[in-house]
K.L.:
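Below is one structure. I have some questions about it.
Note on naming: letters A, B, ... go to the chains in the order of the sequence lines (proteins, then strands), and numbering restarts at 1 for each one.
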2 protein chains.
Amino acid sequence: MEDREAASVSTQKLHSMDSLKAACANCNLRELCVPGGIPIEELVKLDAIVAMRRRVKRGESLFNVGEKFRSLYAVRTGFFKTRITSNDGRDQITGFQVPGELLGFDGVATEHHGVDAIALEDSEVCILPYNELERIARDFQPLQHQLHRVMSREIVREQNVMLLLGTMKAEERVAAFLLNLSERYRHLGYAANEYVLRMTRQEIGSYLGLKLETVSRSFSKFQEQGIIEARGKNIKLLKMEALRKLISATKS
Amino acid sequence: MEDREAASVSTQKLHSMDSLKAACANCNLRELCVPGGIPIEELVKLDAIVAMRRRVKRGESLFNVGEKFRSLYAVRTGFFKTRITSNDGRDQITGFQVPGELLGFDGVATEHHGVDAIALEDSEVCILPYNELERIARDFQPLQHQLHRVMSREIVREQNVMLLLGTMKAEERVAAFLLNLSERYRHLGYAANEYVLRMTRQEIGSYLGLKLETVSRSFSKFQEQGIIEARGKNIKLLKMEALRKLISATKS
DNA sequence: TCGCGGTTTTGATTTTCATCAACAAGTCAT
DNA sequence: ATGACTTGTTGATGAAAATCAAAACCGCGA
C-alpha cells in the first residue's frame, strides 16, 4: 500500500506499454494541464521530471486513501473519479477528471492521499513527482504560480460543489451536472451537446448527493420535456438554454 | 471595489489602531498560521512582507466577491465566515475561520476573490501580500512547501464538507459541526466542551445545507437527550462520545 | 446467440426536512 | 430601562427525495 508507485512502474512496464517517457513540450494537452505562458525551454525542464506515464485500466485505482503521496497526476486520456470515504463507511464522489486535469492535490497536506482515484475507463496519466515539481517550481516562478493557480482553482471548484449540495434541488443539481460536463467536453474540443457518460447513475448520484433513482427520474423528466435525450449513457442536450434556466430558478 | 486594501489601510490608520506592524516572530499564533519548523531568521523575512494588520468590525467584510485579489489574510483575533454566491442569488457559507487560520486562497486562481469574507465579531488579521509571499517562498522552500500544505488542507477540508452535505442527515450534520468547532477551539487552547457560538442558527444552517429551524430542532433534541446544553449561543457538550456516535450512525 | 449480472427505469410508500406561522427570548440603541 | 428589531423555539403541514420493489434493458463472456 505504501509503495504502489514504484511497484507499478517497474512491474507494469514488463507487461504493457506502461511508463512511457512523457513529453510535455509536444503534448497536445499542454494548455490544459500546464496553461499559461510557460516557454518551451522550461517545458523541457518539466519533461525532465515528468519521467513517466502510467496506464490505469477501467475499474483500477490510480491511488487509494492512505497511500503515501509522492506525485501529482495529469490525466492524458481516459476518465477518473475521486472518492472520499469516512470512518463509518459513507462515501462520496468528490469529482470526475477528464484529460488535461490534475489529480492528487489532497495528498500534499498530510503526505498521504485522502481520496481514492479510480479510472472509469482505460486511462493514461503523466506522473509528476511532487518533490521535483516543487524543486523546479522554485527556480521558475511562472510554474510555481501556475501550481498555485491550479490548486486554487480546485478550491473554487469545490466551493461551487458545496453551493450545489447545500442549496440546489435534485433536478437543478442534475441540470448543473450535465452542463458542467458539456462545458468540459467543449473545452477539450469535443461536442458540447452530445456525449457519452462514463459513470453510472449511482456515481452521478453520489457526486450530487442524490440517490440513483432520483438521478434517473430527473433524466426521464428532462427527456419528457424535450430538454435532453438520454438513452442509457448516451446524452444529447437538446435545449441547453432550458437547462441553464432550470438552475437559475426562482430561488431567493 | 477594486482597491479596498489600499483605501482601508490608509484611511483606517487615521482613526483607530489599525494597520499595526505585524511581527510573525513574536506571534503566539505562529505555530498555527505558519506551522512547521521555519527558523527564526526566515520569520524575520516574513515579517518584512507581512507589513500590516487590519481590523475588521463585526458585520464588516474583509473582502468581497469580485474584488481584486492581492493578499491572503491570517486571522489573529476574531471570527470570520466566508460566503459564496451564485448568479441567481443563492448563497452558502463555505467556512468559518478562527484565529490562526488563513483566508483568501480562492482568489489565487482568477486574481479576484470568489467569496465574501465577513467578520462575525470584531477581528484582526495579518495582511500577507501575495506577490511578495510567492517571491520569498521562492527563495525559501520550507515556506513554499508550507503554503502548498495549507492550500491542500483547504482542499481536504472542503472534500469533507462535501461528504457531510452529500451523505449526512440533519442531526448528523449538526453533531459533526459541534464537534468540529470543539476540536478547533481545543486546538487554540480553549475548552473543547464549552464555547460560545459566533454565528446564528441561520448561518449554521447555511453552512450545513439546512434551514435554521432544522438546526434549532436538532439542538433542542440533543438537549432533551442530555447530550448538549444549548442556551442561545452558549453551548456545552455534555457527552462528546454520544455526538461522535451520532455521526457514525448505522449507515452503510 | 443465449443467459447472467449489473444497470436503469418506473411505481408506491415512507421519511425527512422545508415551509409557514406564532410566539418567546435576546440584543441594541436611545 | 424601554421599545424595536433580530434571533431562536416550537408546532402543524406540505413537498421533496429516499426507500422498497419489480420489471426492463444492456453489455459481456461462455
K.L.:
List in chain and number order the residues that pass side-chain hydrogen bond (donor to acceptor under 3.5 Å, both in side chains) with B:Arg217, two or more places apart in sequence or in another chain; answer none if no residue qualifies.
P.N.:
none

K.L.:
Write down the distance between CZ (B:Arg201) and P (C:dT19), rounded to a whole number of angstrom.
P.N.:
19 Å

K.L.:
Which parts of nucleotides 21-30 of chain C does protein reach within less than 4.0 Å, heavy atoms only, written one letter per nucleotide 5' to 3' as B for base, S for sugar-phosphate only and - for none?
P.N.:
-------S--

K.L.:
With sequence neighbours left out, what residues match A:Arg244 under side-chain hydrogen bond (donor to acceptor under 3.5 Å, both in side chains)?
P.N.:
A:Glu241

K.L.:
Is there any protein nitrogen or oxygen under 3.5 Å from a nitrogen or oxygen in nucleotides 15-17 of chain D, and what are the pairs?
P.N.:
unit_1, atom_1, unit_2, atom_2, d
D:dA17, OP1, A:Ala170, N, 2.5

K.L.:
For B:Tyr195, which residues count as a ring pair (Phe, Tyr, Trp, His ring centres under 6.0 Å) partner, sequence neighbours excluded?
P.N.:
B:Tyr185

K.L.:
Could you tell me how far apart B:Leu197 (CG) and D:dG8 (C1') are, to the nearest whole angstrom?
P.N.:
12 Å

K.L.:
Need the bend value for the helix from C:dT1-D:dA30 to C:dT30-D:dA1: angle between end axes, 5 pairs each end, nearest 10°.
P.N.:
50°

K.L.:
Testing A:Glu158, A:Glu154, A:Arg157 for side-chain contact (heavy atoms from CB on, under 4.5 Å) with B:Glu158, which one passes?
P.N.:
A:Glu158

K.L.:
Applying salt bridge (Lys or Arg N to Asp or Glu O under 4.0 Å), which residue pairs with at least one partner in residues 72-81 of chain A are found, sequence neighbours left out?
P.N.:
A:Arg76-A:Glu124, A:Lys81-A:Glu203

K.L.:
Atom CE of B:Met199 to atom C1' of D:dT6: distance rounded to whole Å?
P.N.:
17 Å

K.L.:
For residues 80-103 of chain B, pull every pair meeting ring pair (Phe, Tyr, Trp, His ring centres under 6.0 Å), keeping only residues two or more places apart or in separate chains.
P.N.:
B:Phe96-B:Tyr207

K.L.:
Please give, in whole Å, the distance from C:dC17 C1' to B:Leu208 CG?
P.N.:
14 Å

K.L.:
List the atom pairs, donor and acceptor, that lie under 3.5 Å between side-chain atoms in residues 224-232 of chain A and the rest of the protein, sequence neighbours left out.
P.N.:
none

K.L.:
Which is more 5' along DNA chain D, the nucleotide nearest B:Gln202 or the one nearest A:Leu212? Just name the residue.
P.N.:
B:Gln202

K.L.:
Send over the distance from B:Glu172 CD to C:dT15 P, rounded to a whole Å.
P.N.:
16 Å

K.L.:
Of all residues at least two apart in sequence or in a different chain, which pass the side-chain hydrogen bond (donor to acceptor under 3.5 Å, both in side chains) check with B:Thr214?
P.N.:
none

K.L.:
Taking the six-membered ring for Trp, are B:Phe69 and B:His113 closer than 6.0 Å centroid to centroid?
P.N.:
yes

K.L.:
Just to verify, what does B:Lys221 make a salt bridge (Lys or Arg N to Asp or Glu O under 4.0 Å) with, not counting sequence neighbours?
P.N.:
B:Glu171

K.L.:
Please tell me if A:Ser216 has a side-chain N or O lying less than 4.0 Å from either OP1 or OP2 of C:dT10.
P.N.:
no

K.L.:
In chain order, what residues pass the side-chain hydrogen bond (donor to acceptor under 3.5 Å, both in side chains) check against B:Asn180, with sequence neighbours excluded?
P.N.:
B:Arg184

